[in-house]
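Quantities reported herein were computed from a predicted structural model and do not represent experimental measurements. Values below: all heavy atoms of this structure, side chains included; hydrogens, waters and symmetry mates excluded.
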Amino acid sequence: MPPGKVLQPVLKMKVDELFLCWLSESSTQAMLQDCLQRIKMPGGLEGVGGDAGQPGPPFAAPALACRPRGLDSSGAPSPSPVSTALPLGAASSARSGPPVRGPRRSAGTRVVQTRKEQPLPPAASLSIPTFYFPRGRPQDAVNVDAIIAKIERTFAQFPHERATMGDMGRVAKACGCPLYWKGPLFCGAGGERTGSVSVHKFVAMWRKMLQSCHDDAAKFVHLLVSPGGNSLAQEDFIPFLQDVVNTHPGLAFLKEASEFHSRYITTVIQRIFYTVNRSWSGRITCAELRRSTFLQNVALLEDEVDINQLTEFFSYEHFYVIYCKFWELDTDHDLFIDAQDLARHNDHAISTKMIERIFSGAVTRGKKVQKEGKISYADFVWFLISEEDKKTPTSIEYWFRCMDLDGDGVLSMFELEYFYEEQCRRLDSMAIEALPFEDCLCQMLDLVKPQSEGRITLHDLKRCKLASVFFDTFFNIEKYLDHEQREQISLFRESESEGPELSDWERYAAEEYDILVAEEAMGEPWEDGYEAELSPVDQKLSALRSPLAQRPFFEAPTGLGAVELYEYEHGGDDLPPS
């Protein structure tokens with residue numbers, strides 16, 4: 001080996017391994033013993049350096065390899081190396097004797113350790129600018145001191161510089177927030193515990209907010225989230241929505257009917273999660289809130305006096321329709337419905353197999369479904385919106401989960417045939433000739449155009465503009481027949497229409513609300529003898545509201561209403577619509 005060249009760690013280990021293998025062979029041991037004896041015998045190595053033509057001892061050359069360099073036959077130092085060379089290849093090997101090999105091994109080890117101690121060059125990732133901002137992108141133009149000064153001037157107008165819930169509207173505007181952030185601001189500063197907020201406590205809270213949260217979504221989540229959390233649960237929205245119910249002019253007729261507050265709040269919360277919580281996790285993150293239009297709708301609450309114009313979340317008319325539909329099915333009025341109750345929806349239009357899938361837990365939460373086979377009013381909100389509008393991403397996911405029997409993320413031909421069999425039996429009972437499954441399957445595959453043959457995925461249905469036709473074909477007999485009577489071209493035209501057209505849900509809610517209002521105006525009682533429910537048209541409550549025992553959906557011990565969404569107190573009949 002050339003002087004100064006160091007073995008790499010892996011190569012060095014291999015050389016050591018080969019050396020040990022060679023050393024452990026019996027022939028090598030015999031050779032080394034013979035060499036040792038010759039060294040001990042005086043003059044035992046003199047004949048080795050003779051004429052090359054004279055045959056020497058059989059181990060002469062190996063014996064030289066075992067003799068330390070720089071020693072003659074008598075053991076004295078020699079000025080020149082031994083003239084007899086090692087076998088070919090041994091000159092560059094580490095096996096030239098322990099005194100030579102030992103220092104090279106230790107020197108190589110020292111060099112490797114020294115290299116490890118050398119400082120590493122700076123990572124290339126340090127030069128990549130920050131691109132992930134979970135709490136919003138920081139803004140350099142925010143003047144925190146000016147905002148705090150404006151808030152302090154606002155608090156100076158209140159007695160003892162303390163703001164009550166009624167004063168928080170002015171504080172919200174001083175913070176640059178929409179008016180209906182006043183409830184979350186009040187709770188975020190601890191006002192729900194003391195009934196008022198001091199200027200020092202609010203300023204400390206808001207200064208910390210400005211330093212850690214850099215957009216509206218992060219601020220809204222920070223204000224409503226429970227301590228230690230980073231995402232919003234359903235109950236976190238209750239203080240905010242209770243304030244909307246208490247103060248919005250479009251809901252003034254509900255002030256005297258506090259028993260209906262919880263029903264409206266439950267409906268709005270379910271609509272928020274239906275639209276915003278795209279992950280189906282039951283908790284809304286900053287990213288989901290940022291991608292939705294919820295905060296824009298919250299800002300519109302300040303300018304829109306008619307709350308029914310905010311159809312995406314807050315419309316009272318939509319709540320009216322949903323609650324009336326639930327009341328019709330909930331015959332015992334215990335705020336839960338079973339499979340037989342739900343099957344009566346829309347005159348038994350939905351197949352029995354699909355009803356069973358809904359109650360299987362594929363699209364519902366809570367222990368009530370698995371233990372007692374019942375779903376709550378909150379689950380019914382998801383069902384009704386999904387049933388009446390099968391074009392939204394959430395509704396497509398809802399029905400895909402129900403049809404995916406094995407949960408593998410793919411609708412197989414077996415699963416489609418499983419649901420279509422009942423459709424065929426129901427058509428036969430109606431004296432209507434059913435299309436054979438093979439022909440129906442060809443039509444559906446042409447409609448969806450799946451990317452993989454014989455497998456329909458969620459992505460395929462979301463890409464298809466006629467997912468509603470696909471779903472109704474397999475489990476809704478009434479809508480299936482309606483689609484069959486209409487030309488497919490007209491369906492495509494409806495799906496491709498652009499502009500501010502009403503969604504299927506908005507169209508359904510408007511039609512049903514008109515029917516319910518007309519029935520109320522005519523004084524037609526319901527089947528159980530009670531009149532139709534509250535009407536927002538008159539903007540007041542009926543003076544003949546039933547005095548039956550009132551059971552709220554959840555308890556509201558404070559003015560902002562801390563509630564439980566799924567655990568209810570049952571102590572009598574539910575409120576009938578009046």
Is the backbone N or O of Leu335 less than 3.5 Å from a side-chain atom of Asp330, with the two atoms forming a donor-acceptor pair by type? yes
Any side-chain to backbone donor/acceptor pair from Arg283 onto Asn230? Under 3.5 Å, distance only. no
Does a side-chain N-to-carboxylate-O contact under 4.0 Å join [X] and [Y]?
X	Y	answer
Arg507	Glu388	no
Asp428	Arg425	no
Glu397	Arg278	yes
Asp243	Lys182	yes

Do [X] and [Y] touch side chain to side chain, with heavy atoms closer than 4.5 Å?
X	Y	answer
Gln270	Gln234	yes
Thr275	Thr394	no
Tyr420	Gln423	yes

Residues 298-305 side chain polar contacts: donor-acceptor under 3.5 Å, at least two apart:
residue	atom	partner	partner atom	Å
Glu302	OE1	Lys173	NZ	3.4
Glu302	OE1	Leu179	N	3.4
Glu302	OE2	Lys173	NZ	3.2
Glu304	OE2	Asp306	N	3.4

List the residues meeting ring pair (Phe, Tyr, Trp, His ring centres under 6.0 Å) with Phe294, not counting sequence neighbours, and say none if there are none. Phe220, Phe237, Phe313
Applying the side-chain hydrogen bond (donor to acceptor under 3.5 Å, both in side chains) criterion to Thr267, which one of Tyr377, Tyr323, Tyr320 satisfies it? Tyr377
